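Worksheet: one structure, shown below.
Heads up: numbering here begins at 1 and tracks the sequence. Since we're looking at a predicted model, the values are computed, not measured. All values below were derived from every heavy atom in this structure, side-chain atoms included, with hydrogens, water molecules and symmetry-related copies excluded.
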Amino acid sequence: MDDFFTMRTVTWENDAVRMIDQTALPGRLTYVRYTRPEQVADAIRTMLVRGAPAIGVAAAMGIALSAVRSKERNFPAFIRELESSASMLRGTRPTAVNLFWGIDRVMARARSSGSVREAKEAVAAEVKAMEDEDVDANKRLGRVGSNLVHDGDTILTQCNAGALATVGYGTALGVVRAAVEQGKLVKVIVPETRPALQGARLSAFELSRDGIACTLISDTAVGHMMSLGRVDRVIVGADRITKDGYVFNKIGTYQEAVLAKRHGIPFHSAAPSSTFDLIRNHDQVVIEERGADEVVKIRGKRIAPKGVPVANPAFDMTPPELVTSIVTEKGLITEPFAKNIPLLIS
Ligand code: MRU
């Protein structure tokens, strides 16, 4: 049986994209196969595929689908066709910088090709390389982060920064996996992560399936668990880390960081280089606001009165003074983050 140490969430196979349908989890582990960029854009928008590294690679593959299926023979017209797919994919979700990184990388590869034929081969090879590099980066950052983890630790996470949020292995949960592979006994506390429940549906699923001890809590139990001394460290992922050292991650991360500071608990974010935004400062980032239905309903069942006003920010921003370190595949980044991020990430 496949496990999430080796399984791939998103993969390029025979000029098509194959991905796990995360909306069906934890009930059914099923795959979809897409051949058109519109299908990939829709999958990102509806969170059939989600998690910053996974959507970055999926979006790049969306453009590769456009390329390999194109009937265009004229190179400038072919690039215009790809640009139109790129613009559709860029409009799917605004916060995770990996999405834009993936699109820009594959577009640059297409533009630097000499002909349509060469570009088709080049983008297909590029997305396969991106797929492999993501797993490799996660394994490497896992090893870096595992040095922070002690035998017997209980780690609090948020959302799903696991194999399902990446091509494979995971970032925050990649650190957990690397520690487990080194023989350390670790436990993970998983907040359910309302409103989309990625903690309950996805993190609890992949950890249980891999036999890694985990305890599911409601989001509201985080402070209490810390106050009882039941959390040794916090490790979360990131959707974007800006050049001034702010960590954008799933809503609820900021309150974990504030509470961790209050209780003297180390707070780490684990992310590959593709999650860093070396151009923008924190006040230039758009935080995705999702529909009210996610809040007023739980799995389709209404739990709030009709017409109640709703705010549904999907991400929040943790300032650098609450962050102990950032784990990357290139090494560990500590403060001063604004100085050290550009030194390590380029
Ligand atoms: O809305 P989602 O499920 O795409 O949000 C995912 C997160 O916030 C993850 O923590 C983040 O992408 C890091 S994934 C390795």
Checklist entry - Hey, is R105 close enough to E133 for a salt bridge, meaning N to O under 4.0 Å? => result yes
Item to check | Point-to-point distance, once rounded to the nearest 0.5 Å, from CG of L25 to CG of L197 | outcome: 13.0 Å
Checklist entry - Are any of the side-chain nitrogens in K139 or E181 under 4.0 Å away from the carboxylate oxygens of its partner? => result no
Checklist entry - Would you call D244 and K339 a salt bridge, taking side-chain N to carboxylate O under 4.0 Å as the test? => result no
Next on the checklist: Side-chain heavy atoms nearer than 4.5 Å, only ILVMFWY residues, links allowed to pass through others: does that put M317 and L322 together?
Outcome noted: no
Checklist entry - Would a distance-only check, ignoring hydrogens and angles, find a side-chain to backbone donor-acceptor pair under 3.5 Å from S70 to A67? => result no
Checklist entry - Just checking, K243 and F276: is the charged tip under 6.0 Å from the six-membered ring centre and within 45° of the axis? => result no
Checklist entry - Taking S146 for the side chain and A178 for the main chain, is one N or O donor matched with an acceptor at less than 3.5 Å? => result no
Checklist entry - Within the distance-only criterion (no hydrogens, no angle test), does the side chain of N138 pair as donor or acceptor with the backbone N or O of G174 below 3.5 angstrom? => result no
Checklist entry - Above 12 or not: heavy atoms from other molecules or residues under 6.0 Å from CZ of R262? => result no
Next on the checklist: Let me confirm one number: the OG1-CD1 distance from T9 to I20, rounded to the nearest 0.5 Å.
Outcome noted: 4.5 Å
Checklist entry - Does S115 offer a backbone N or O that forms a donor-acceptor pair with the side chain of S113 under 3.5 Å? => result no
Next on the checklist: Could you check whether any side-chain N or O of E131 sits under 3.5 Å from a backbone N or O of W12, counting only pairs where one atom can act as donor and the other as acceptor?
Outcome noted: yes
Checklist entry - Looking at D153 and K184, does any basic side-chain N land under 4.0 Å from a carboxylate oxygen? => result no
Checklist entry - Same hydrophobic cluster for F5 and L207, using side-chain heavy-atom links shorter than 4.5 Å among ILVMFWY? => result yes
Checklist entry - Is there a donor in the side chain of H268 and an acceptor in the side chain of S325, or the other way round, less than 3.5 Å apart? => result yes
Checklist entry - Judged by modelled atom types alone, do D277 and T242 share a side-chain donor-acceptor pair under 3.5 Å? => result no
Next on the checklist: Is it the case that atom CZ in R73 sees more than 12 heavy atoms from other parts of the structure closer than 6.0 Å?
Outcome noted: no
Checklist entry - Taking a hydrophobic cluster as the set of Ile, Leu, Val, Met, Phe, Trp and Tyr residues connected by side-chain heavy atoms closer than 4.5 Å, whether directly or through intermediates, do I189 and I155 fall within one such cluster? => result no
Checklist entry - With no hydrogens and no angle check, is any side-chain donor or acceptor of R302 less than 3.5 Å from a backbone partner on K297? => result no
Checklist entry - Can you check whether I251's main-chain N or O pairs, donor with acceptor, with Q158's side chain at less than 3.5 Å? => result yes
Item to check | Parallel, tilted or perpendicular: rings of F4 and F205 (30°, 60°) | outcome: perpendicular
Checklist entry - Under 3.5 Å, is there a donor-acceptor pair between the R69 and S66 side chains? => result no
Checklist entry - If you measure from the Lys or Arg side-chain nitrogens to the Asp or Glu carboxylate oxygens, is any gap between K120 and E118 under 4.0 Å? => result no
Item to check | Cationic tip of R18 above Y31 ring, under 6.0 Å, 45° of axis | outcome: yes
Checklist entry - Do you see a donor-acceptor pair shorter than 3.5 Å between the side chains of E335 and N340? => result no
Item to check | R201 (side chain) donor-acceptor with Q22 (main chain) under 3.5 angstrom | outcome: yes
Checklist entry - Any side-chain donor-acceptor pair under 3.5 Å between R50 and Q198? => result no
Checklist entry - Roughly how far, to the nearest 0.5 Å, is the NZ atom of K128 from the OG1 atom of T11? => result 3.5 Å
Checklist entry - Would you call D104 and R90 a salt bridge, taking side-chain N to carboxylate O under 4.0 Å as the test? => result yes
Next on the checklist: Under 4.0 Å between a side-chain nitrogen and a carboxylate oxygen: does that hold for R209 and D3?
Outcome noted: no
Checklist entry - How long is the span from the CD atom in Q39 to the CG atom in L48, to the nearest 0.5 Å? => result 10.5 Å
